[in-house]
S.K.: 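Here it is, the structure, as structure tokens.
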Protein chains: 2
Amino acid sequence: MTLTALSETLSAKPHIDDLMERVGLRMSFAKGEEIFGQDEDADMIHSVVSGAVRTMRLTSDGRRQIGDFYYPGDIIGLEIGDTYRFSAEALSDCVVRVIKRSSLHALNEDGGVDRTLWNATRRELERTQEHLLMLGRKSACERVASFLRDVAQRVGSEDVSLPMGRQDMADYLGLTIETVSRMVTQLQGSQIVEFANSRQFRVTRWPALERLAA
Amino acid sequence: MTLTALSETLSAKPHIDDLMERVGLRMSFAKGEEIFGQDEDADMIHSVVSGAVRTMRLTSDGRRQIGDFYYPGDIIGLEIGDTYRFSAEALSDCVVRVIKRSSLHALNEDGGVDRTLWNATRRELERTQEHLLMLGRKSACERVASFLRDVAQRVGSEDVSLPMGRQDMADYLGLTIETVSRMVTQLQGSQIVEFANSRQFRVTRWPALERLAA
DNA sequence: CGCTGGATTGAGTCCGGTCAAGCCTTGTGG
DNA sequence: CCACAAGGCTTGACCGGACTCAATCCAGCG
């Protein structure tokens, strides 16, 4: 990452966050509650303050695909034309700030807001492309390894706690719950990760995990 | 789609196209030639004038994932931070217009250019999300059906000619070339599509195709 | 005509899905 | 404090869809 790109990234977040703090409505959602629904009118932009959120899509015959998981600081609701293409739900009790697209647009005197949202959209696109590569070409073991690596990297700390259950992981990775479970057990058997319980783990051998995540 | 969104979409294309026609460099590429490479410096935006282009990504151990196929009017090179995350290659002999990001930015007096590029980025994101859903949750048969439907829809005419070979289809769909071939044969056996040769087909039963594409 | 590269077809294997049983954690009420 | 129920996770046995490897087939072209 270049210096300019870095500073842009760093400065962008506070800018939009300040704005949303000033104008945005603060809302709380209980665990499992729907923040917005698939195919609803998409006139809001959401920013996670605390907790975690999942976006997902349901096909007519009940298959589910998780789009992504969002943590504090992330912006949700960029991926849309006229209606939301994914629904968003609270993974845990959480707080989000909400602002109308139109309000945000009105505040865009210097073009800085648009620029910021565009950057956020590009980052979203990059994450989606990474996700795509995983679903298209990685084995079950590689998917789970990639996932655990990504979560651990994002958190940064020694001990990682997963805000989502196995079903959510499965629907994100394009696998079944059983396969996810088996792969986790396998990674644990290879001394690569260590689970205290089903939602708490630590990476014991980073190089091996990186190698598997490919 | 609302009226405003529709008109925005319709007016956006000519705007950016005009601009690229005035300022952009016109370049020709022979079939199979690389337009830009994975991990190269990403300072150009490309717009397809004629022919077709594929974007793809190679993993270290040689697995390949096709990001998307692009046709005249499409913009390529939005998905990037600092370097291209995918490479782009000419599927057939083709012409593209190229413009430096920085030049484009300089021309952005009224913010219209940024707006247009942002819209293009969002459309790209939507396509990628659709692609994601397919790779995560659809069977081989459904993938091939979806693909043929999408191509046929895009072309609009009765007879469709595929600009890409089976390997490209496979790498787009996250399948092997053999599986793609088998599914094509199967769809033909069910009287749903009809191939004149391996690259020319027509849809004989749209409803059935739609149903399979799910 | 034969060569060449892509596409198709077939046989066999394996990875991940399915179905079913058991386990562990958590919470609730006696 | 324990009994029990409920839900989520794990494990096992089996199955099947997609992959692998290999043998053609076929169209385009020198």
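Labels below follow one simple rule: chain letters A, B, ... track the order of the sequence lines, proteins then strands, and each chain is numbered from 1.
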S.K.: Measure CD/A:Gln167 against P/C:dT18 and give the value in whole Å, please.
M.R.: 11 Å
S.K.: Taking CZ from A:Arg199 and P from D:dT10, how many angstroms apart are they, rounded to a whole number?
M.R.: 11 Å
S.K.: Over how many whole Å does the gap from A:Ile177 atom CD1 to D:dT10 atom C1' extend?
M.R.: 10 Å
S.K.: To the nearest Å, how far apart are A:Asp171 CG and C:dG16 P?
M.R.: 17 Å
S.K.: For the side chain of A:Arg154 and the backbone of A:Tyr71, is there at least one donor-acceptor N/O pair under 3.5 Å apart?
M.R.: no
S.K.: With no angle test and no hydrogens, is the base of D:dG17 tied to the side chain of B:Arg182 by a donor-acceptor pair under 3.5 Å?
M.R.: no
S.K.: Using a cut-off of 4.0 Å on non-hydrogen atoms, how would the nucleic acid contact of A:Ser198 be classed: base, sugar-phosphate, or nothing?
M.R.: sugar-phosphate
S.K.: Is the backbone N or O of A:Arg63 less than 3.5 Å from a side-chain atom of B:Arg137, with the two atoms forming a donor-acceptor pair by type?
M.R.: no
S.K.: What is the distance, to the nearest angstrom, from the CG atom on A:Leu175 to the P atom on C:dT18?
M.R.: 11 Å
S.K.: Taking atom CD of B:Gln167 as the centre, report whether more than 12 heavy atoms of other residues, nucleotides or ligands fall under 6.0 Å from it.
M.R.: yes
S.K.: Quick one: on DNA chain D, does A:Arg137 or B:Asn197 contact a more 5' nucleotide (nearest heavy atom)?
M.R.: A:Arg137
S.K.: Where each residue is assigned the nucleotide of DNA chain C containing its nearest heavy atom, which of B:Glu178 and A:Thr179 is assigned the position nearer the 5′ end?
M.R.: B:Glu178
S.K.: Please check this pair: side chain of B:Thr121 against backbone of B:Leu117, looking for a donor-acceptor N/O pair closer than 3.5 Å.
M.R.: yes
S.K.: Below the 4.0 Å mark, does D:dT11 have OP1 or OP2 next to a side-chain nitrogen or oxygen of A:Thr185?
M.R.: yes
S.K.: Reckon A:Thr176 has a side-chain N or O less than 4.0 Å from the OP1 or OP2 of C:dG17?
M.R.: yes
S.K.: Judged by each residue's nearest nucleotide on DNA chain D, which is more toward the 5′ side, A:Phe195 or B:Met183?
M.R.: A:Phe195
S.K.: Say whether, by atom type as modelled, one donor and one acceptor occur between the side chain of A:Glu194 and the main chain of A:Gln188 under 3.5 angstrom.
M.R.: no
S.K.: Below the 4.0 Å mark, does C:dT8 have OP1 or OP2 next to a side-chain nitrogen or oxygen of B:Arg166?
M.R.: yes
S.K.: In whole Å, what is the span from the NZ atom of A:Lys31 to the C1' atom of D:dG8?
M.R.: 10 Å
S.K.: Please state how far atom CD in B:Gln188 lies from atom C1' in C:dT9, giving the value in whole angstrom units.
M.R.: 14 Å
S.K.: Starting from C1' on D:dA18, measure out to CD on B:Gln186 and report it in whole angstrom.
M.R.: 12 Å
